[in-house]
Amino acid sequence: MEFILEPEFWVAVSFFIFVGVVLYFGVHKKIAAALDARAALIEKELEEARRLRNEAEKVLADYRRKEAEAANEADSIIALAAKEAEIFAAETRKSVKEHFDRRMKLAEEKIARAEADAVREVRSVAVDAAIAAAQALIAEKLTRTGLRSSCPKASTPSSQS
């Protein structure tokens, strides 16, 4: 019985006593329950993580959908603005052309009036010159005729009056 004196023997005995006490008090059940609770908690956390991941994926998909809608809306706004700018440019060109045409018409009318006034002025001057020439000719003829009629026959009728 010398093995009783060996320290390894007493370590083995104390180990078996310890295991017996642990089994007697049901510590192994408490450890198993704690491990089961920990496993359940981990499972619950994993499930929560899956749920959060699914929710995040839904939010991301919603964000991407909204981003695509916003991009489409921005594209349609840009297209509409370009169309409106084109229409505005066409209207402006038309307005400028109409304004230019009106100004040209007014200038042509003013030139026509000035031309008509110049023609009237030239006619008036020509008429005045013709009248002056006619008066000069008539006066000259009268003067020549008047000298001839200064004879006594011509003066008799004027003295009778």
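The first residue of the sequence shown is numbered 1, and numbering continues consecutively from there. Everything numeric in this text was worked out from a predicted model, so none of it was measured.
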Output all residues satisfying side chain to side chain contact (heavy atoms under 4.5 Å, CB included) with R65, sequence neighbours left out; order by chain, then residue number. D62, E69

According to salt bridge (Lys or Arg N to Asp or Glu O under 4.0 Å), does anything in residues 120-135 pair up with another residue at least two apart or in another chain? List the pairs. D117-R120

Between CG on residue L35 and CD1 on residue I42, distance to nearest 0.5 Å: 9.5 Å

In the structure I gave you, are the side-chain heavy atoms of E108 and I111 within less than 4.5 Å of one another anywhere? no

How long is the straight-line distance from CG of L23 back to NZ of K29, given to the nearest 0.5 Å? 9.5 Å

Residues 32-44 vs salt bridge (Lys or Arg N to Asp or Glu O under 4.0 Å), sequence neighbours excluded, gives E43-R50

Which pairs with one or both residues in residues 84-96 pass side-chain hydrogen bond (donor to acceptor under 3.5 Å, both in side chains), sequence neighbours excluded? none

Side chain to side chain contact (heavy atoms under 4.5 Å, CB included) partners of E57, counting only residues at least two apart: R53, N54

Counting only heavy atoms not in R51, do more than 12 fall under 6.0 Å of its CZ? yes

Cationic N near anionic O, under 4.0 Å, K105 to D101: no

Going hydrophobic residue to hydrophobic residue with side-chain gaps under 4.5 angstrom, can you get from V127 over to V122? no

For a quick test of your reading: what N or O donor-acceptor pairs under 3.5 Å do the side chains of residues 4-22 make, sequence neighbours left out?
| unit_1 | atom_1 | unit_2 | atom_2 | d |
| --- | --- | --- | --- | --- |
| W10 | NE1 | I4 | O | 2.5 |
| S14 | OG | W10 | O | 2.9 |
| S14 | OG | V11 | O | 2.9 |

